[in-house]
Every structure is written in C-alpha cells, then in structure tokens.
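This report concerns only the one structure given below.
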Protein chains: 2
Amino acid sequence: MADDDMRTRILDAAEQRAREGGYHGFSFREVAADVGIKSASVHYHFPTKTALATALAERYTERSLEVIGTPETPLQAFDRVSELFRHSAAVERKMCLCGLFGAERDGLPPEVAKATQSYFTRLIAAIQAPSVRGEAPFHAETILSTLEGALLVARAIHDLSVFDRVVTDLRRAYENQKRPT
Amino acid sequence: MADDDMRTRILDAAEQRAREGGYHGFSFREVAADVGIKSASVHYHFPTKTALATALAERYTERSLEVIGTPETPLQAFDRVSELFRHSAAVERKMCLCGLFGAERDGLPPEVAKATQSYFTRLIAAIQAPSVRGEAPFHAETILSTLEGALLVARAIHDLSVFDRVVTDLRRAYENQKRPT
DNA sequence: AATTATCTACCTATCGATAGGCAGATTTGA
DNA sequence: TCAAATCTGCCTATCGATAGGTAGATAATT
C-alpha cells in the first residue's frame, strides 16, 4: 500500500510539487513535510536540489519510455504517446514534468537541463523508431510538440476538452496525410 | 533611444527574467539591479509580485494580439501566429512568457493564472476569427498548442530547426486538409 | 559494533514586503 | 508672486519568512 522506500516517496512527493510550480516552485521543506521527515533528512537521499531534480527527470523519462514501449507502426506510436499525455491531463491532472522543466530551461541548473533534454531526444527517438520501415506523415518532433503544447494550453485555460480536440485534429491529419517527402 | 519610463524598463527587465525561469525564477532584486534601482523602488511601481507578473502577462497578451491583427483567412492566421512564435524562438531566443506561466499554472497566484488564461483564450479567438467565413482544417487551439509546444521542445533540445520542421509539417497538413466536419 | 537513516540545531543568503526619509518637481492658495 | 502643501520617484534600513545546505548527535537496523 504505502511506498516502502523513502527515496521513492521523496521522489513521488517532489514530482508532484515540481509538476505544479516547476524547479523554483518547490522546496526541500515542502517535500520533507509531505513525506513526514525533516528537510535535512532529504539531503541524505539527495545531496542537492540539482541532484533531486535530475533524478526526477530521469525517472520520469524512464517511465514515459516504458509506456511508449516499441510501437510497430507510426500510428501506433502516435496513439501510445497521445495516451501518455492524455493520462497526464485527465488522470494525474498535472503538467508533464519535463515539459515544465523544458519551459524553464534557461533558469535550470545545467545538469537538470541536460536530463530534460534527454527526455525529449529519447522520446522523439522512440516515436520515430517505427518509421524506419514505412513513412510517417509527421516528424516525431511534431507529435511530441503538439501533445506537449495541447497539455499546456488545455490546462492553462482549464478546459481539458481542448486536449482532445487537438489530438483529434492531429490524428485525422495523420491518417489522411500521405508520405511527406 | 533609452527607455524613458522606469515602469516600462522594469516590465522589460522582468519579462526577460520571467521568460527564463518563470514566476518563481525571478526576483525584485534581480529586476531592480537590471534597471539600476533598488528593489524597494520596484514596489513603488508594482506593489506586489503578483501585480508585476499580472502586468507582464497582460502586456504580453496585447503585444501578441497586435502582431496577429485581424487575419482575413485561416491560413493567414496560421502564418501570423507561426511568425510570432518563430520570432520568439529565433530572435528573442526566449520561451513564450504565457507559455511558461501556463506550464506553472498550479504554482501561480490566482490573479496571474487568470491573466495567463486570458492570453490563451484571446489568442485562440483571434486565430479562430477568420474561420467564421470559410472552414478551417484545424481548430484554433490546435494551431496555438502546436506552436507553443514546438517552441518549448525546440528550446529544450537546443535545436531550433525542430521548430521549423514542426511548422512545416503542420502547414502542409493545413493546406492539404479539407473541411474537418 | 557498524552501518543506515533520521534527528536537532544552526548557518548564510535571499525572498517579498514595509517604514520612513528626502530631493526635486508640481500644484495650490492667499 | 511667493510660499506652503502635495506629489513623484527614488533611497536606506529593516522586517519576518524561507531558501538550500551543513555538522554532529541520536536512533534504528543488521
């Protein structure tokens, strides 16, 4: 039921906080209070805020890649990533962690910025993979950008139906479109 | 040549800072130092950080709407907004202010969140306007979401060519696509 | 006994914000 | 016309709160 590992519980709490206010929007004290320890004890598990945020981005990346898996067609890749972001919007009701970090890029410690960059490059690679056999109508960057933007905009105007309309628009174009180049 | 009005200079400096680190990523002291006054003097022009950030979002919205103007066709609307975001990516080399604020939504003072929401609803309305006569292939939300996401992703992976590829993908789909419903 | 995990207690730096003052320009009123 | 009053735009100094981070004692586990 409860998370056994304190390190995991810290990551969970920090992720929630970071997905609300971004890197500068959460603190060791808040996270510590969330998990029921003192802020000094958080430093035992993660020596610096940079280390904590980097671990956050890396775990988030791995989890996202697991959801995407190894799709066999471009359309299947599209649907997997759509579902990943739809879950973020409708179930977790939170921004994408690395989307938020990416927006804050210039205000991030370099190590966190690098981990954030990896999230995007690795997801793009995973989305692009099935296109090796068979052309895809859109670049992998286009899929990811659109979903990241749809999540951001839908949340900003407090209307999750925006997300679904954007996905519908893009998917229709994706199916109708023939080879791009 | 130089900005006469201190209020304007404060807004300019704060906008640069906010577009780097977000709402929690800039401070009165930094902004004050940028314009050559003391942080206490910034409070003379903007009583609270909420007031400053709200003014920032409102000014950003007005300026964006001026760039978009009143396009006469859906495709013209698309191109105007594309150019707005391309300028942000390639010339200013900064994230969209309200895109960043939107990502941080849950960590924002309510007044700032509302001003951010207005940015998106008003831009969507401006993009949608020419569609009253003549169908548009995509919803206005799709245009805005995709560009916001493309800006975010391109910056996150330090590759501005991503932005252009996404815009090219979307524009091709936009031209090829026939009436959606 | 040694390792692991958490504690108390504290540090320095910075945060947003307030109080009160002061020089200079502007307005007001006799 | 000239002096009193007010306003503008900044200043210094300081507030309480909070930030990330550290040292060393203590408790728990093996």
Side-chain angles (χ1 to χ4, degrees), chain A residues 2-57 97 100-101 104 106-113 115-116, chain B residues 2-57 97 100-101 104 106-113 115-116:
Chain A
D3 299 313
D4 353 308
D5 188 6
M6 180 56 77
R7 184 190 158 91
T8 302
R9 290 176 58 200
I10 290 170
L11 285 170
D12 289 343
E15 180 177 315
Q16 292 305 310
R17 294 274 183 182
R19 288 173 75 179
E20 290 171 4
Y23 179 81
H24 298 288
F26 78 99
S27 69
F28 273 53
R29 279 172 177 74
E30 288 173 340
V31 171
D34 288 343
V35 301
I37 61 175
K38 297 295 174 182
S39 75
S41 304
V42 179
H43 285 278
Y44 173 78
H45 299 276
F46 302 95
T48 62
K49 191 175 185 182
T50 297
L52 173 55
T54 302
L56 238 36
L97 175 75
L100 217 171
F101 280 176
E104 298 183 293
D106 293 335
L108 251 37
E111 199 176 334
V112 181
T116 303
Chain B
D3 299 314
D4 353 309
D5 189 5
M6 180 55 78
R7 183 190 159 90
T8 301
R9 290 177 59 199
I10 291 171
L11 285 171
D12 289 344
E15 180 176 314
Q16 293 305 311
R17 294 275 183 181
R19 288 173 76 179
E20 290 172 4
Y23 179 81
H24 298 288
F26 78 98
S27 70
F28 274 54
R29 279 171 180 75
E30 289 172 340
V31 171
D34 287 343
V35 301
I37 62 175
K38 297 296 173 181
S39 76
S41 304
V42 179
H43 284 279
Y44 172 79
H45 298 277
F46 301 95
T48 63
K49 192 177 185 182
T50 297
L52 173 55
T54 302
L56 237 37
L97 175 75
L100 217 170
F101 279 176
E104 298 183 291
D106 293 336
L108 251 35
E111 198 176 334
V112 181
T116 303

Quick one: which protein N/O atoms are closer than 3.5 Å to N/O atoms of nucleotides 19-24 of chain C? Pair and distance per line, please.
none

Checklist line | From D:dC10, C:dA17, C:dC11, nucleotide with atom closest to B:Ile37 side chain | finding: D:dC10

Check: Can you name the closest pair of heavy atoms from B:Ser41 and B:Ile37 and give their distance?
Finding: CB-CD1, 3.7 Å

Checklist line | Where B:Gly21 and A:His24 come nearest, the two heavy atoms and their spacing | finding: O-CD2, 3.7 Å

Notebook entry, point to check: Reckon B:Lys38 touches a base, only the sugar-phosphate, or nothing at all at heavy-atom distances under 4.0 Å?
Noted result: base

Checklist line | Toward the 5' end of DNA chain D, by each residue's nearest nucleotide, A:Tyr23 or B:Arg29 | finding: B:Arg29

Notebook entry, point to check: Step by step, would you call B:Tyr23 with B:Leu100 a side-chain contact (heavy atoms from CB on, under 4.5 Å)?
Noted result: CA-CA 8 Å; B:Tyr23 179 81; B:Leu100 217 170; over 6 Å; no

Notebook entry, point to check: So which heavy atom on B:Leu108 is nearest to which on B:Phe101, and how close?
Noted result: CD2-O, 3.2 Å

Next item on the list: For A:Arg7 and C:dT6, give me the distance from atom CZ to atom P, rounded to whole Å.
Entry: 13 Å

Item checked: Selection: residues 41-48 of chain B, any non-hydrogen atom under 4.0 Å of DNA chain C -> B:His43, B:Thr48

Notebook entry, point to check: Tell me: CZ of A:Phe26 to P of D:dT18, nearest whole Å?
Noted result: 18 Å

Notebook entry, point to check: Counting distance only, does the side-chain N/O of A:Lys49 pair as donor-acceptor with the main-chain N or O of A:Phe26 below 3.5 Å?
Noted result: yes

Notebook entry, point to check: Which value, rounded to the nearest 0.5 Å, describes the distance between A:Glu30 atom CD and A:Arg17 atom CZ?
Noted result: 4.0 Å

Notebook entry, point to check: Between A:Met6 and A:His45, what is the shortest heavy-atom contact and its length?
Noted result: CG-NE2, 3.7 Å

Next item on the list: Examine D:dT18: is either OP1 or OP2 under 4.0 Å from a nitrogen or oxygen in the side chain of A:Ser27? Give yes or no.
Entry: no

Checklist line | Minimum-distance pair of heavy atoms, taken over all atoms of B:Ala57 and B:Ala115 | finding: CB-CB, 3.8 Å

Note to self: Rounded to whole Å, how long is the line connecting atom CG of B:Leu52 with atom C1' of C:dA17?
What the structure shows: 14 Å

Next item on the list: Measure the distance from NE2 on B:His24 to P on D:dT18 and round it to the nearest whole Å.
Entry: 14 Å

Checklist line | Heavy-atom closest contact (A:Leu52 atom, A:Ile10 atom, distance) | finding: CD1-CG2, 4.2 Å

Notebook entry, point to check: C:dA13 P sits how many Å from A:Lys49 NZ, rounded?
Noted result: 19 Å

